[in-house]
Student: 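Got a structure for you, questions after.
Please read all numbers here as calculations on a predicted model, not as lab measurements.
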Amino acid sequence: MKMRTHCFIAATLVLLVSCEPKKNEETTVSNPPGIISLSNAQLHNIATDTAKTVKADEDLTLTGKISFDESKVGKVYPLVGGNVIRVNVSLGDQVRKGQLLATIRSTDISDLQSQYSVALNNQAVAKKNLDIAQELYNTNVNSETQLLASKNEYSRTQSESNRLLQALAVYGASTSNADGLYNVYAPIDGYVVEKNVNEEMEIRSDNGTNIFTVSSLNTVWVLADVYESDLAKINVGDEVEVTTLAYEGKIFKGKIGLVGNLLDPDTKTMKIRIEMDNPDALLKPGMFAVVKVHIGTPEVVIAVPSSSVLFDNNKTYVMVRKTTNLFEKRLVVTGANAGKKTFIKSGLQNGDIVITEGSLLAANNTN
């Protein structure tokens, strides 16, 4: 009986000992999904910022090209054929209205000058005949009919002389000698921005290509492409900032003057025209331009530094501080990206603390 009692007590002690928790084993506490706990050392490797309520200003970036202000362009076409004997300007030269650009020797001009010389002689003869007829009429020798005939002849020769004189003036040709020279003059003040003629070049009378283009560069146009999806964001009168490769860091300001009506079927873009003041003539036609259209809306949204936004499996996240050491990987819906800040449509509140540097490392440690 005693033996049985001893065995029961021993078995009970073994059972009690096995049921006691092991004092040397550590108890681990796991964080909820999406929550990370950072050590003090890890906290030194991150930077944070505060989500703030701001007005949703957006910059739309476009590409374009500097072009002439078509309302201040003069294209010069050869009015006659001939041989170019002299070109007085080079590409890029500044010229004044009426300045001689080139001289062309033309048989057409020579013929006009010869016709004008003959017309002047005919007019002189008709004037003498009219004077004689008037004198004879005054002495009752000629009839009034004869006097009127002389007047009509003089008037006809005078009209022919004036017609040829005006034609020679259009061509800039001499009226005093038959040199056959056609002078090409600048139609407006500006710069020679196109030059398609050289000395000794033969020009056909049916040539349809302009030989010079003179443009005032006090104002220029920027022609930019806007994607179909962005058309609703822009309006005539919107202010823009233009930068070029030639002048790094320099910003030129202008306004949208025209939004096109035809969509390019291949690129799905539409042209807009930006009107720019260019008093120093720094902007030259043909330059590549980057255009930023400032779009302002009254909408108030949450903004965070763009560096705080993470992308994972086609979703957008931000690491938000819960306590000193705890951070939450929070799903957010983003809006426009305006340079160094990103607008948040939902998922954050004003005043939330977000990780801006080291957020990717923190996110990789979440459950």
Student: So do T63 and V291 actually touch side chain to side chain, heavy atoms under 4.5 Å?
Tutor: no

Student: Indicate yes or no: at least one non-hydrogen side-chain atom of N40 is less than 4.5 angstrom from one of N325.
Tutor: yes

Student: In plain terms, say whether K268 and E228 are close enough for a salt bridge, that is, a side-chain N and a carboxylate O under 4.0 Å apart.
Tutor: no

Student: Please indicate whether N138 has more than 12 foreign heavy atoms, meaning atoms of other residues, nucleotides or ligands, lying under 6.0 Å from its CG.
Tutor: yes

Student: Is there a path of hydrophobic side-chain contacts, each under 4.5 Å between heavy atoms of I, L, V, M, F, W or Y residues, that connects V87 with V193?
Tutor: no

Student: Considering residues, nucleotides and ligands other than Q134, do more than 12 of their heavy atoms fall under 6.0 Å from its CD?
Tutor: yes

Student: Side-chain contact test, heavy atoms from C-beta onward, threshold under 4.5 Å: evaluate it for N122 versus E160 and give yes or no.
Tutor: no

Student: Give a yes or no on whether Y185 atom OH has more than 12 heavy-atom contacts from other residues, nucleotides or ligands under 6.0 Å away.
Tutor: yes

Student: So does Q123 get a backbone contact from the side chain of Y154, meaning a donor-acceptor N/O pair under 3.5 Å?
Tutor: no

Student: Do K315 and Y317 meet the cation-pi criteria used here (NZ or CZ under 6.0 Å from the six-membered ring centre, within 45° of the axis)?
Tutor: no

Student: Do I256 and L231 belong together in a cluster built from hydrophobic side chains that touch within less than 4.5 Å?
Tutor: yes

Student: Should we count CZ of F288 as having more than 12 external heavy atoms under 6.0 Å?
Tutor: yes

Student: Is it the case that atom CD in Q349 sees more than 12 heavy atoms from other parts of the structure closer than 6.0 Å?
Tutor: no

Student: Evaluate whether atom CD of E70 has more than 12 neighbouring non-hydrogen atoms of other residues, nucleotides or ligands under 6.0 angstrom away.
Tutor: yes

Student: According to a hydrophobic-cluster definition based on side-chain heavy atoms being under 4.5 Å apart (Ile, Leu, Val, Met, Phe, Trp, Tyr only), do V84 and L181 belong together?
Tutor: no

Student: Same hydrophobic cluster for V236 and V220, using side-chain heavy-atom links shorter than 4.5 Å among ILVMFWY?
Tutor: yes

Student: Evaluate the side-chain proximity of D111 to Q115: yes if any heavy-atom separation is below 4.5 Å, no if none is.
Tutor: yes

Student: Measuring only between side-chain heavy atoms, which start at C-beta, is K65 closer than 4.5 Å to M287?
Tutor: no

Student: Check whether V73 and L101 end up in the same hydrophobic cluster, where Ile, Leu, Val, Met, Phe, Trp and Tyr are linked by side-chain heavy atoms less than 4.5 Å apart.
Tutor: no

Student: So, are D189 and K97 salt-bridged, with charged N and O less than 4.0 Å apart?
Tutor: no

Student: Can you tell me if CD on E202 sees more than 12 non-hydrogen neighbours from other groups inside 6.0 Å?
Tutor: yes

Student: Does K292 have more than 12 heavy atoms from other residues, nucleotides or ligands lying within 6.0 Å of its NZ?
Tutor: no

Student: Decide yes or no for D277 and N218: does some side-chain heavy atom of the first lie under 4.5 Å from some side-chain heavy atom of the second?
Tutor: no

Student: Any ion pair linking E275 and R273 (charged N to carboxylate O, less than 4.0 Å)?
Tutor: yes

Student: Set out, in order, the CA-CA distance, both residues' side-chain angles and the distance that settles side-chain contact (heavy atoms from CB on, under 4.5 Å) for V318 and L310, then state yes or no.
Tutor: CA-CA 6 Å; V318 173; L310 304 173; over 6 Å; no

Student: Looking just at side-chain N and O atoms, do N129 and E153 make a donor-acceptor pair shorter than 3.5 Å?
Tutor: no

Student: Report the C-alpha separation of T103 and N183 in whole Å, then their side-chain angles, then the decisive distance to 0.1 Å, and conclude whether the side chain to side chain donor-acceptor pair (under 3.5 Å) test is met.
Tutor: CA-CA 5 Å; T103 302; N183 293 318; 3.1 Å; yes

Student: Could you walk me through whether K253 and E239 pass the salt bridge (charged side-chain N to carboxylate O under 4.0 Å, His left out) test, one step at a time?
Tutor: CA-CA 7 Å; K253 296 184 181 294; E239 295 184 352; over 6 Å; no

Student: For T342 and S306, test the side chains for any donor-to-acceptor distance below 3.5 angstrom and give the result as yes or no.
Tutor: yes

Student: May I ask you to decide whether E194 forms a salt bridge with K75, counting only side-chain N to carboxylate O separations under 4.0 Å?
Tutor: yes

Student: Any heavy-atom pair between the side chains of V222 and M276 that's under 4.5 Å?
Tutor: yes

Student: Is the backbone of D179 close enough, under 3.5 Å, to the side chain of Q113 for a donor and an acceptor to pair up by distance?
Tutor: yes

Student: Measure the spacing between CG of N83 and OG1 of T107 and express it to the nearest 0.5 Å.
Tutor: 11.0 Å

Student: Do any N or O atoms from the side chain of S308 and from the backbone of V304 form a donor-acceptor pair under 3.5 angstrom?
Tutor: no

Student: Run the salt-bridge test on R330 and D352 with the 4.0 Å N-O cut-off and return the result as yes or no.
Tutor: yes

Student: Could you check whether D238 pairs with K255 (Lys NZ or Arg NE/NH1/NH2 to Asp/Glu carboxylate O, under 4.0 Å)?
Tutor: no

Student: Is there a side-chain contact between F252 and L282 in this structure, where contact means two heavy atoms from C-beta onward sitting under 4.5 Å apart?
Tutor: yes

